[in-house]
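A quick write-up on the structure given underneath.
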Amino acid sequence: MRVCVTGGAGYIGSVVTEYLVAAGHEVVIVDNLSTGHSGAVTDNVEFHKGDLLDRSFIESVLSGSIDAVCHFAAFSQVGESVADPLKYYENNVSGAISLLHAMKTAGVTDFLFSSTAAVYGEPEETLIEETSALEPVNAYGNTKLAIERMLQDCSKAWGLRPLSLRYFNAAGATKLHGEDHRPETHLIPLVLDAALGRRGELVIFGDDYSTPDGTCIRDYIHVKDLATAHVLGLEQLSDGITGALNLGNGQGFSVLQVIEAAERVMGIEVPRRIGERRPGDPAVLVASSGNAERLLGWKREYPEIEPIIKDAFGWRKEHPDGYTA
Ligand code: UDP
């Protein structure tokens with residue numbers, strides 16, 4: 001298959017590209033490099049630097065016989081989305097509208113969408129099903145849900161074949177591609193950097209939650225397992241798989257468990273202190289991913305937290321300053 005990957009210079013998009021190429025697919029990357037890195041673009045892959053809001057740009061890329069689109073390009077910082085919602089609606093929602101227009105014009109119907117657990121907001125239940133209430137609590141989650149709904153409408157209207165994959169906490173790395181957000185807000189890279197003395201101590205956002213050790217529990221899924229699900233999803237869109245699927249690890253780890261696992265992996269202590277709760281953090285978020293397993297035939301290789309952290313640490317040691325380009 002010849003697949004257009006938008007956001008292929010970003011964290012998850014670069015790993016999915018690596019896996020698609022390994023599975024024998026031809027990839028065409030589109031990225032404006034606003035948050036991605038040219039150093040993350042997989043070698044020998046066709047790369048078009050440009051913005052999805054530029055309709056003629058994306059139309060010209062899609063006119064080159066594309067079979068499917070994997071859409072990652074989006075802003076993804078929750079705090080920033082709350083402070084500047086229009087930036088998020090414009091880039092994420094308008095970007096998706098422009099991309100879908102271009103797909104319709106080019107007659108491309110197979111679409112894999114990078115969605116998020118943020119569409120569920122702060123759910124009552126701790127094991128989240130795809131049928132759980134969709135009530136985002138921030139603009140980022142709202143933009144992703146708006147796009148999911150737009151995809152369903154396009155599916156009914158002109159035969160788009162969309163599959164939305166709702167990620168829980170993506171983590172880990174391959175040898176080639178890792179996590180390099182600027183600013184970094186995610187727990188595992190911050191834990192590694194604190195241990196390596198590259199930033200101050202880690203602040204644990206609250207230890208008075210109703211969890212066994214008082215810190216929040218999250219579902220950390222290896223980015224390699226996410227990539228496998230994308231390859232399977234893409235290859236099965238033509239079999240009528242559609243809608244939305246959770247991609248998580250099926251079990252949760254607390255902030256303290258992550259820190260302790262990182263200490264075991266690195267053999268270095270993680271300097272930390274307990275801080276205030278972060279607004280909007282539910283105590284426990286764990287996905288039920290049974291539908292993805294059953295429908296896609298997806299099997300996770302990394303259910304434990306230590307191998308995930310080991311891979312993240314391996315990449316960080318090789319790239320102490322992240323991508324240099
Ligand atoms: N967290 C923390 N300190 C940090 C960053 C994150 O205690 O410096 C906690 C956060 O409150 C949450 C978990 O780590 O319970 C995972 O946070 P992250 O931002 O990585 O992902 P999220 O679950 O918000 O998508």
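We count ligands from 1, going down the list as the structure has it; atoms in each ligand are counted the same way.
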Student check: side-chain heavy atoms of Gln251 and Asp219 closer than 4.5 Å: no

Arg166 with Glu148: basic N within carboxylate O range, under 4.0 Å: yes

CG-CG distance between Asp225 and Asn249, expressed to the nearest 0.5 angstrom: 7.0 Å

Atom NZ of Lys224 with >12 non-hydrogen neighbours under 6.0 angstrom: yes

Sub-4.5 Å side-chain heavy-atom contact between His37 and Arg182: yes

Set of residues that line ligand 1, where lining means a heavy atom lies under 4.0 Å from it: Asn169, Thr185, His186, Leu187, Leu190, Leu202, Val203, Ile204, Phe205, Cys216, Arg218, Tyr220, Val255, Arg278, Asp281

Side-chain donor or acceptor of Tyr220 paired with backbone N/O of Phe168 under 3.5 Å: no

